[in-house]
Amino acid sequence: MLLAHSIELRCNNKQKTYFAKASGVARKAYNWALKEWQEEYAAGGRPTETALRRKLNSIKREKFPYMLEVTKNAPQMAIIQLGQAFKNFFAKRASYPQKRHKWIDDRFTLTNDQFAVNDSRIRIPHLGWVRMRESLRFVGKILSATISRGADKWFVSITVDVPVPSITTANENQVAVGIDLGVSCFATLSTGKVVVGPKPHKALLGRLRRLSRSLSRKQKKSKNRDKAKLKLSRLHRRISNIRKDAIHQLTTEVTKNFQVIGIEDLNVKGMMKNRKLSRSIADMGFHEFRRQLEYKAKLHGSQIVIADRWFASSKICSHCDYRLPSLSLSERTWQCPACKTVHDRELNAAINLENMAVSSTVTARGASSIGAVALATARYGALKQEFNTNLL
């Protein structure tokens, strides 16, 4: 499997200038190729990234001589990425490719024959060795490296092809778990654990608004505007880092301790259309949670079972399987009309997801997973008794 390790670069001013120049060349090549692609397609042609790379090589000495000051990979890989973007667009996996902009898209990519990694250093063409904050963690075939800007810092993301390890879960007693994601609390596990989540955007919203207003008042193309933009970029990076750190901790803990993980197939794009909840949903990072969970499950030997999008995890009684006809979003607890069991909405949904995941593995693997069903039933009984005691 492919893994990427993102490492901060400890670069001096000369190296930062080179990175900015190489990123600008990559951005220029990408935007130039996008324009050429659109013009050729409008004229009835069938453009390809290979033809565009050849065309750029034939004219760059006359029209773009500054491209010769940086590695040849910067413009060439940018056009290859444009070709991949169009493939994703025609396959309906992504939207139509857009122009790249300064600050937002400051990055360039190197192929594995253009750089070398030695302990906590990386050799860049035309530049030499650059120090890294830490050494590469993964062992395997190095495929590529992408150098990008994050506010005032530069990072290198090294992609490595590593073999999938045959790792068994650390805790054999904890066979399965269900995870219900929400807005009030980030995640509720069927074990009874509740992860509130840091909600960094909400916590730093006041400062974010203040810096955004300060940026809007600055004159365009001025030094003060660049300073204000840098302050805002730092805050956005901090918000992103806080969110990713919390998600990394939760996904690592879950994949290491459980063999089977049940989650929901959330329609995040549709949920974002709710103007009252869209900010809170975006602040949680549901898509990033699922992305990390899927690749870490392969690393730690766990299995992820995804419930159908229309699986009514909150409406089904996890004790007797009775299904409520309706349940409003404001109802956080409800009592089952059939068995009179009082349920917490999130915990009940998590237990239903666990039961669904266990039943799916039983169907796939046979009687070898029957012990997981017994364990899930016993755990549910203990949680139900504890919950009813708290209500009294």
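Position 1 is the first residue of the sequence; numbering continues from there.
Judged by distance alone, the side chain of N31 and the main-chain N or O of R100 form a donor-acceptor pair under 3.5 Å. Listed for the R225 side chain is a donor-acceptor partner under 3.5 Å among the backbone atoms of L215.
V196 and V183 fall into different hydrophobic clusters, where Ile, Leu, Val, Met, Phe, Trp and Tyr side chains are chained together by heavy-atom contacts under 4.5 Å. When the side chains of ILVMFWY residues are joined at heavy-atom separations under 4.5 Å, either directly or via intervening members, V117 and V160 end up in a single hydrophobic cluster. Hydrophobic clustering of Ile, Leu, Val, Met, Phe, Trp and Tyr side chains at less than 4.5 Å, counting indirect connections, unites I247 with M272.
For the pair R290 and D265, the salt-bridge criterion is met [side-chain N within less than 4.0 Å of a carboxylate O]. By the 4.0 Å N-to-carboxylate-O rule, D152 lies close enough to R237 to be salt-bridged with it. Ion pairing of D283 with K202 is absent here, as no side-chain N (NZ or NE/NH1/NH2) approaches a carboxylate O to less than 4.0 Å. Salt-bridge check for E288 with R243: failed, with every basic side-chain N at 4.0 Å or more from each acidic carboxylate O. The pair E253-K193 meets the salt-bridge criterion, with a side-chain N (NZ, NE, NH1 or NH2) lying under 4.0 Å from an Asp/Glu carboxylate O.
Taking every heavy atom of both residues into account, A297 and T255 meet most closely at N-CG2, 3.8 Å. For D105 against R27, the heavy-atom pair with the smallest separation is O-NH1, 4.0 Å. The shortest non-hydrogen separation linking P97 to F89 is CD-CB, 4.3 Å. A pairwise comparison of heavy atoms in A357 and G262 identifies CB-CA, 3.8 Å as the closest pair.
In this structure, N88 CG and S95 OG are separated by 10.0 Å, a value rounded to the nearest 0.5 Å. Between atom NZ of residue K340 and atom SG of residue C320 there is a gap of 10.5 Å, rounded to the nearest 0.5 Å. The distance from atom CD of Q84 to atom CE of M77, rounded to the nearest 0.5 Å, is 10.5 Å.
Ring planes of W32 and F64: perpendicular class, angle over 60° (limits at 30 and 60°). Taking the six-membered ring where the residue is Trp, Y41 and F90 present tilted rings, their angle falling between 30° and 60°. Using cut-offs of 30° and 60° on the angle between ring planes, the pair H343 and W334 is tilted.
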Exercise for review: Kindly determine whether E69 and K21 satisfy side-chain contact (heavy atoms from CB on, under 4.5 Å), including the steps that lead there.
Suggested key: CA-CA 9 Å; E69 299 176 6; K21 187 180 294 185; 3.0 Å; yes

Practice item. Report the C-alpha separation of I306 and E294 in whole Å, then their side-chain angles, then the decisive distance to 0.1 Å, and conclude whether the side-chain contact (heavy atoms from CB on, under 4.5 Å) test is met. Key: CA-CA 11 Å; I306 301 174; E294 287 178 344; 4.1 Å; yes

Practice item. Evaluate the side-chain contact (heavy atoms from CB on, under 4.5 Å) criterion for residues F186 and V194: first the C-alpha distance (whole Å), next the side-chain angles of each, then the deciding distance (0.1 Å), finally the verdict. Key: CA-CA 8 Å; F186 175 58; V194 178; over 6 Å; no

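With contacts defined as side-chain heavy-atom distances shorter than 4.5 Å, the pair H5/E134 qualifies. Between L353 and I351 there is no side-chain heavy-atom pair separated by less than 4.5 Å. For the pair Q335/T341, no side-chain contact is recorded, criterion being any heavy-atom separation below 4.5 Å from C-beta on.
T109 pairs in a side-chain hydrogen bond (donor to acceptor under 3.5 Å, both in side chains) with only one of the listed residues (T146, T71, N73), which is T146. For the side chain to side chain contact (heavy atoms under 4.5 Å, CB included) criterion with V254, the lone passing option out of I179, I304, V195 is I179. Tested against F19, the residues V156, V130, V70 include a single side chain to side chain contact (heavy atoms under 4.5 Å, CB included) partner, V130.
Checked by atom type, the side-chain pair S278/K273 shows no donor-acceptor distance below 3.5 Å.
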